[in-house]
Every structure is written in structure tokens, then in C-alpha cells.
Amino acid sequence: MRLFRFIRGSGSFKMYYRLLNELYKVVYGRNLMLHFPFYMNDQESFEQRQINLVEHCISRFSDFSNKTLLEVGCGNGANCHYISSEHPNIQVIGIDLNRENIEIAIENQSTDKIKFIVDDAQKLEHIDDNSIDLLICIESALHYPDKHEFFNQIKRVLRPDGEFVIADILRRSEDRGRSLWWWKKSMLLYHTNEEDYLGYADGNQLKYNTSQDITNEIVQGYQGHKSWISRENRSWSSYILLQFTLFVLVRLYLKELRKHKKYMVFSGEHS
Ligand SMILES: C[S@@+](CC[C@H](N)C(=O)[O-])C[C@H]1O[C@@H](n2cnc3c(N)ncnc32)[C@H](O)[C@@H]1O
């Protein structure tokens, strides 16, 4: 039944994230990050590989002391909770367009050092000019139809010495973007290519310090996925159903990553 709802739900952006959150609850008993896993070694759990991606992104920042960090498209808040626990001296703000994700983020909140707000990355109506030192956006920009406006907002909210990191799934230049069009339309998928990304920064007087293709690490991140769902305390039928759901999702993600997409991390600052 859940599998059926998942397949049906994947026809809508909001429903997809609702069901992904539910799936994590069923499999792990808690909310996990909503992004792809990043491989570092064979022994890691899925959760550790998701943490690896956050660590990989925030390692681009030069300094955390007493900074204000904004996560744009923070999902269920798991990244913000993790970053705050690793860097308790910073203020963290997480914004997301999806109210349900923000509600989950607030439910799981255990410190007043984090603030979660419903907002649109292309407007950032609740974020003041020049108020942010560190800005991250992990696997969210692919949903923004107007990335120029998103970059305008980065420019506006970042302090003069502020830094940003964006991890995003891009269309390969040779890909015409016609695959899975039905899924893209309902999931609000607006992938662009690397050339476009360079233009978004230039056009907003921002500059990239690094840009890195991490597609291989993400593809490898799915290694050993059969061990991610344990058999313990589950009926055979729900175990098989969950494994099948995971199998379908992994096939879908890997096909896209190997054939049509690449996973990039950009870091930068004001130019
Ligand atoms: C794949 S999830 C990633 C969430 C989180 N960054 C993480 O790594 O776990 C993408 C998130 O982007 C959010 N999102 C999509 N469009 C948005 C927009 N225009 N403004 C803010 N958030 C948006 C979605 O609601 C979703 O929570």
C-alpha cells in the first residue's frame, strides 16, 4: 500500500517529500537528510554517506566562528540540526518553500540557535540584506525555475565577506532534457547545465572559487544499498516491499546520474 502511494505520490513534488519523510520514519524510525549519499568508504551506512555530503560542502567555508549560516531549501531540517550540533557557536537559519518540511524541522528542534522559516529561495523575504556569512544550498536549486533570481538573493543577503556553497544536480551539456518529462513536470525539476551556472554568478557579481564534479562519489554512494534496510522487527512482506521500493528508486536515480545528469558542488563569494 505504501509502495503504491509512493509511486502515485512521486507524481507530485509535495507528496514526494511527504512520502520520503514517511519512508525514513518506517525504515530508520527518524527523519534523515533528503539528499543523495556521498561515498567515502565501503563500511559506511546510508546516513553516514549523507553526512559526508554535508561535510564535503561545508568544508569549503573558511571559518565558522560566530557566523550566521543560512541553508536555502533546508528540507526537514536534518542538515541544519547536524551543522548546529557540529558548530554550536553559530546561528543557523533554514528556509524551505514546503511548509510540511519546515514543520518537521521545528518538531525536531532542540536548540534556540536554529530558526526555521517558510520562504522561497527566489525571494528570501524573511532574510535581511547583508545578514548572512555562510550560505549553503544542497540539492534544492534544481527545483527553482528562476535561478537568476536565486543568485540575486544570494548577492543581496550575503555579507561582503560572506561565502556560499551550492550542491546541485545539473543537466549534462549534451543532454536535451527530454527524458522522464512527466516526472520532471510534476516534481518541479528545472535542471540547467554548467555553462548556465557560470552565467548566474557572473551576472550577479558573484564568483566561484571552486567547482567540482562529484558524480562518481554520488553514484558510488549507492554501493551496498541492499544492506540499508534491516530485516529486524519486520514482516517478510514489508521487508520485501521496502527493498523493492529502494531498488526502484536507486535504479531511477543511477540511470539519471549515469546518462543525463552530473552532480556539482560550487563554492564562491562576492566578486
Ligand atoms: C532534495 S530536498 C533537499 C533538502 C535538504 N537541503 C537536504 O539536503 O536534505 C529539496 C528541498 O528544496 C525545497 N525547495 C524546492 N523549491 C524551493 C524554493 N523555491 N525555495 C525554497 N525551498 C525549495 C523542497 O521543498 C525540498 O525540501
Side-chain angles (χ1 to χ4, degrees), residues 9-10 12-25 28 30-38 46-58 69-84 92-108 114-127 132 134-154 157 164-170 183-192 200 214 218 221 249 252-253 256-257 261 263-266:
S10 60
S12 127
F13 160 84
K14 248 191 176 171
M15 196 67 144
Y16 172 79
Y17 287 114
R18 183 181 303 161
L19 293 174
L20 202 53
N21 281 322
E22 261 189 45
L23 204 61
Y24 283 154
K25 275 275 168 98
Y28 299 102
R30 60 188 185 282
N31 295 109
L32 264 55
M33 296 161 179
L34 294 172
H35 57 249
F36 288 0
F38 179 104
F46 172 63
E47 192 173 7
Q48 181 56 50
R49 287 189 184 157
Q50 289 192 309
I51 291 173
N52 293 347
L53 180 60
V54 176
E55 282 292 346
H56 186 77
C57 291
I58 64 176
L69 178 145
L70 171 67
E71 182 180 13
V72 180
C74 66
N76 60 27
N79 296 347
C80 291
H81 295 306
Y82 172 76
I83 294 170
S84 177
V92 177
I93 306 171
I95 71 100
D96 199 284
L97 189 63
N98 185 338
R99 182 171 297 278
E100 284 180 28
N101 274 342
I102 290 293
E103 281 166 3
I104 295 173
I106 292 171
E107 263 170 39
N108 292 334
I114 317 179
K115 200 158 77 178
F116 290 108
I117 312 167
V118 176
D119 205 341
D120 183 340
Q122 299 148 120
K123 297 186 180 139
L124 295 184
E125 285 174 337
H126 299 276
I127 311 295
I132 302 299
L134 311 171
L135 183 148
I136 57 163
C137 180
I138 300 183
E139 239 174 82
S140 178
L142 53 100
H143 289 301
Y144 314 158
D146 192 345
K147 290 192 216 331
H148 275 294
E149 205 38 61
F150 169 48
F151 275 76
N152 271 337
Q153 294 307 319
I154 298 179
V157 303
F164 68 88
V165 177
I166 301 171
D168 198 11
I169 303 169
L170 274 60
W183 160 270
K184 289 176 187 164
K185 194 166 155 229
S186 55
M187 280 292 296
L188 306 181
L189 294 177
Y190 299 93
H191 299 97
T192 52
Y200 301 141
I214 57 162
I218 299 295
L249 285 176
L252 195 69
Y253 296 151
E256 279 294 284
L257 281 168
K261 301 289 184 303
Y263 203 118
M264 300 279 303
V265 178
F266 300 96

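Ligands are counted one by one from 1 in listed order, and the atoms in each one are counted from 1 as well. The model shown is predicted, which means the values in this text are computed figures rather than measured ones.
A 4.5 Å side-chain heavy-atom check between I51 and M33 finds at least one atom pair inside the cut-off. A 4.5 Å side-chain heavy-atom check between I114 and I83 finds every atom pair outside the cut-off. Looking at V165 and I58, their side chains never come closer than 4.5 Å, going by heavy atoms from C-beta outward. Using a 4.5 Å heavy-atom threshold, the side chains of Y200 and I166 count as separate. With contacts defined as side-chain heavy-atom distances shorter than 4.5 Å, the pair N101/N21 qualifies.
Under 4.0 angstrom from ligand 1, the non-hydrogen atoms of E71 all belong to its side chain. Proximity of L34 to ligand 1, defined as any heavy-atom pair under 4.0 Å, is shared by backbone and side chain alike.
What sits closest to atom 19 (N) of ligand 1 on the protein, heavy atoms only, is D120 OD1, 3.0 Å. Among protein heavy atoms, atom 5 (C) of ligand 1 sits closest to G73 O, 3.3 Å. Protein heavy atom at the shortest distance from atom 20 (N) of ligand 1 is A121 N, 2.9 Å. For atom 13 (C) of ligand 1, the nearest protein heavy atom (residue, atom name, distance) is D96 OD2, 3.2 Å. Among protein heavy atoms, atom 8 (O) of ligand 1 sits closest to H35 ND1, 2.6 Å. Remark: minimum distance from atom 21 (C) of ligand 1 to any protein heavy atom is reached at L97 N, 3.4 Å. Looking at atom 18 (C) of ligand 1, its nearest protein heavy atom turns out to be Y144 CE2, 3.4 Å. For atom 7 (C) of ligand 1, the nearest non-hydrogen atom of the protein is N79 ND2, 3.1 Å.
Side-chain polar atoms of E55 and N52 form no donor-acceptor pair below 3.5 angstrom.
Between M33 and ligand 1, no N or O atom pair is found at a separation short of 3.5 Å.
Between F13 and Y17, the ring planes are perpendicular. Angles over 60° get that label, and only those under 30° would be called parallel. Ring-plane geometry between F150 and Y144 is classed as perpendicular, the angle between the planes exceeding 60 degrees on a 0 to 90 degree scale with a lower cut at 30.
The contact set between ligand 1 and Q122, taken as ligand atoms under 4.0 Å from a residue heavy atom, comprises 19 (N). Atoms of ligand 1 found under 4.0 Å from any heavy atom of D119, numbered from 1 in the order shown, are 20 (N), 21 (C). Interface atoms of ligand 1 facing Y17, defined by a heavy-atom separation under 4.0 Å, are 1 (C), 2 (S), 10 (C), 26 (C). Listed by atom number, the atoms of ligand 1 under 4.0 Å from E139 heavy atoms are 1 (C), 2 (S), 3 (C), 10 (C).
Distance check, rounded to the nearest 0.5 Å: CD1 of I127 to CD1 of I95 gives 7.0 Å.
Compare S140, G75, G77, C74 by their heavy atoms: the one nearest to atom 14 (N) of ligand 1 is in S140.
D120 pairs by the side-chain contact (heavy atoms from CB on, under 4.5 Å) definition with L97, Q122, K123, not counting sequence neighbours.
The backbone N or O of H126 lies less than 3.5 Å from a partner atom in the side chain of D119, making a donor-acceptor pair.
At least one heavy atom of F13 sits closer than 4.0 Å to an atom of ligand 1.
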